[in-house]
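Inspection log for the structure reproduced underneath, given as structure tokens.
Just so it is clear, the model here is predicted, and its values are computed rather than measured.
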Amino acid sequence: MWTPEITIERVTPSAAFITNVQSFQLNRGRTKISDDFRPGTGTINGRRPDLLPTLKIGDTIRVEIHNPVTLGTLQLDYRVADLIIEYGITSNLDTWTLEVEDAFAYLGRAVVTRTWSSGAIASDVAFDICSDVGLTLVRNSVGTTPVSAQTVTNAFALDVFQTLANTEQALVQANATTLTWYSRGWQSAITYYAFSDTGTTAVPYDALTFASMADNYADKVVVQPRGSTEVVSGTGIFSYNLDSYSFSTGQATDLSLFVKGIFDVQTGTPQSISVLANTDDSAGTDSLRACAVGSGISLTFRGLTYQMLVQGFTITSNPADTRITYYVSSTSFYAFLTLNDALLGKLDQNKLGF
């Protein structure tokens, strides 16, 4: 067992530690696969506001959770969204709350005007949209999906970005000022961390929720290419709709079939896993390493093993303990054929992509 060492500091415009922190809650990513990308947010609570460094909207705040035994460290960067100070009867009763957010929130408030030509690559346009509003897009994998010609005028940047990601079926994660783009097929390069209920050297979890959610099931998918005619794949009453910048009707059809393949799981699968970080004895502090959108969890539960993908997570901490809740989805949602892959390369057990 270990006690997390936590530091919180302002890293821009200059370095300064934030002290007298009493608790915090940080969120990142989504809770289910049908969610659009959403801002990562958090609240940090403390006392003695007179000892705070100067904090302004847009400053970068860094939270580090360190395991002094394995030397594993989780680093999370956010932007300052607001600082609230509540004054008590005397100064020693004064408290403060720092509200923070990631790049998705900034993207959601910004507007863009841009034109791109037919055949432009989705990730290239997404890069330009981020640059237009002062953010950086790191393309871990570029992708080759073309998009239709568009002109957007004073459009919400997050809406344009989400539609581009829909078209590519990309995975995106964010920190304070940078978004990282993983093109379609990202699930073939996942690192899995072992979680177990057996008390072994895997990460020990103490709460597990299974669900078979209607939000993660669809027997009909409707793709609406902007500026063109909608495409429908499947029939039924459970419908999932998404916008795209599909280059052609054929590409929109391929996209609809691909998405329908994602949403065809009807059985109950793990939905969330909760870990008390103080009890993680796994080598390398895997509970911290798994805190990344798109990381994998190999979950052992009552003798059965489930392969999961992290959609998002929440970290809550106070002087007594630090708890991490992972929002996960089964790899069965993303089981598209990948050659020479031990998990996703089995004949007759995988879906075909595009």
Side-chain angles (χ1 to χ4, degrees), residues 30 32-38 107 112-130 137 139-153 155-172 179 181-188 214-266 294 311 329 332-338 344 350-354:
R30 305 178 287 186
K32 54 184 183 292
I33 61 176
S34 57
D35 290 338
D36 286 339
F37 295 124
R38 61 175 58 174
L107 200 60
V112 292
T113 296
R114 175 165 282 277
T115 297
W116 61 86
S117 60
S118 177
I121 301 303
S123 60
D124 291 342
V125 179
F127 179 90
D128 292 337
I129 294 298
C130 290
L137 181 68
R139 289 167 288 183
N140 185 277
S141 50
V142 175
T144 58
T145 301
V147 293
S148 59
Q150 299 286 332
T151 295
V152 296
T153 303
F156 286 110
L158 183 56
D159 176 65
V160 177
F161 187 93
Q162 177 70 60
T163 306
L164 290 163
N166 288 349
T167 309
E168 172 60 50
Q169 284 299 290
L171 173 74
V172 184
L179 299 106
W181 174 288
Y182 301 86
S183 293
R184 187 174 62 253
W186 53 265
Q187 65 271 17
S188 64
D215 287 341
N216 281 347
Y217 173 74
D219 46 23
K220 179 173 70 175
V221 171
V222 180
V223 172
Q224 178 60 68
R226 294 192 174 175
S228 186
T229 305
E230 71 178 24
V231 172
V232 180
S233 289
T235 59
I237 61 173
F238 294 98
S239 178
Y240 180 74
N241 294 37
L242 74 160
D243 288 354
S244 77
Y245 293 125
S246 294
F247 179 77
S248 64
T249 300
Q251 186 195 55
T253 300
D254 290 342
L255 175 61
S256 66
L257 290 169
F258 183 87
V259 174
K260 187 174 181 295
I262 293 175
F263 287 95
D264 67 355
V265 178
Q266 301 182 49
Q311 298 290 340
S329 59
S332 58
F333 288 102
Y334 295 100
F336 294 96
L337 180 64
T338 303
L344 302 175
N350 299 111
K351 312 168 185 180
L352 294 178
F354 77 101

Over all heavy atoms of both residues, which pair between [X] and [Y] is shortest? Give the atoms and the distance, please.
X	Y	result
Ser123	Trp181	CB-NE1, 3.6 Å
Thr253	Ser233	O-OG, 4.2 Å
Phe247	Gly119	CE1-N, 3.5 Å
Ser246	Leu255	OG-CD2, 4.0 Å
Asp159	Thr163	O-OG1, 2.8 Å
Tyr240	Ala218	CB-CB, 3.8 Å

So how far is it from [X] [atom1] to [Y] [atom2], rounded to the nearest 0.5 Å?
X	Y	atom1	atom2	value
Glu168	Arg184	CD	CZ	5.0 Å
Leu137	Ile129	CG	CD1	10.5 Å
Cys130	Phe161	SG	CZ	4.5 Å

Quick check: do [X] and [Y] have side-chain heavy atoms less than 4.5 Å from each other?
X	Y	answer
Lys220	Val232	yes
Ile121	Val147	no
Glu230	Val223	no
Ser34	Phe263	yes
Gln251	Pro146	yes
Val221	Leu242	yes

(message) Give me each pair satisfying salt bridge (charged side-chain N to carboxylate O under 4.0 Å, His left out) with a member in residues 117-128, each pair once, sequence neighbours excluded.
(response) Arg114-Asp128, Asp124-Arg139
(request) Verify side-chain contact (heavy atoms from CB on, under 4.5 Å) between Ile33 and Gln311, making sure each step is shown before the conclusion. (result) CA-CA 7 Å; Ile33 61 176; Gln311 298 290 340; 3.0 Å; yes
Between [Y] and [X], is there a side-chain donor-acceptor contact under 3.5 Å, judged purely by atom types and distance?
X	Y	value
Thr167	Ser244	no
Ser148	Gln150	yes
Ser256	Asp254	no

(message) Once side-chain contact (heavy atoms from CB on, under 4.5 Å) is applied, do any residues pair with Thr235, and if so which ones, sequence neighbours excluded?
(response)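 For Thr235, no residue satisfies side-chain contact (heavy atoms from CB on, under 4.5 Å) once neighbours in sequence are set aside.
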(request) Can you sort out the partners of Gln162 under side-chain contact (heavy atoms from CB on, under 4.5 Å), two or more places apart, ordered by chain and number? (result) Asp36, Phe37, Asn166
(request) List for me each residue that meets salt bridge (Lys or Arg N to Asp or Glu O under 4.0 Å) alongside Asp219, sequence neighbours excluded, and say none if there are none. (result) none
(request) Quick one: list whatever passes salt bridge (Lys or Arg N to Asp or Glu O under 4.0 Å) with Asp35, sequence neighbours left out. (result) Lys32, Arg38
(message) Applying side-chain contact (heavy atoms from CB on, under 4.5 Å) to Thr151 and Thr153, what does each step give before you reach the verdict?
(response) CA-CA 7 Å; Thr151 295; Thr153 303; 4.1 Å; yes
(request) Could you tell me which residues satisfy side chain to side chain donor-acceptor pair (under 3.5 Å) with Thr229, sequence neighbours excluded, listed by chain and number? (result) none
(message) Please identify which of these residues, Asn140, Leu164, Leu179, meets the side-chain contact (heavy atoms from CB on, under 4.5 Å) condition with Val172.
(response)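 Testing each of Asn140, Leu164, Leu179 against Val172, the sole residue satisfying side-chain contact (heavy atoms from CB on, under 4.5 Å) is Leu179.
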(request) Step by step, work out the side-chain contact (heavy atoms from CB on, under 4.5 Å) result for Val222 and Val231. (result) CA-CA 6 Å; Val222 180; Val231 172; over 6 Å; no
(request) Mind running ring-ring contact (aromatic ring centres under 6.0 Å, His included) on Trp116 and Tyr245 for me, showing each step along the way? (result) CA-CA 11 Å; Trp116 61 86; Tyr245 293 125; 5.3 Å; yes
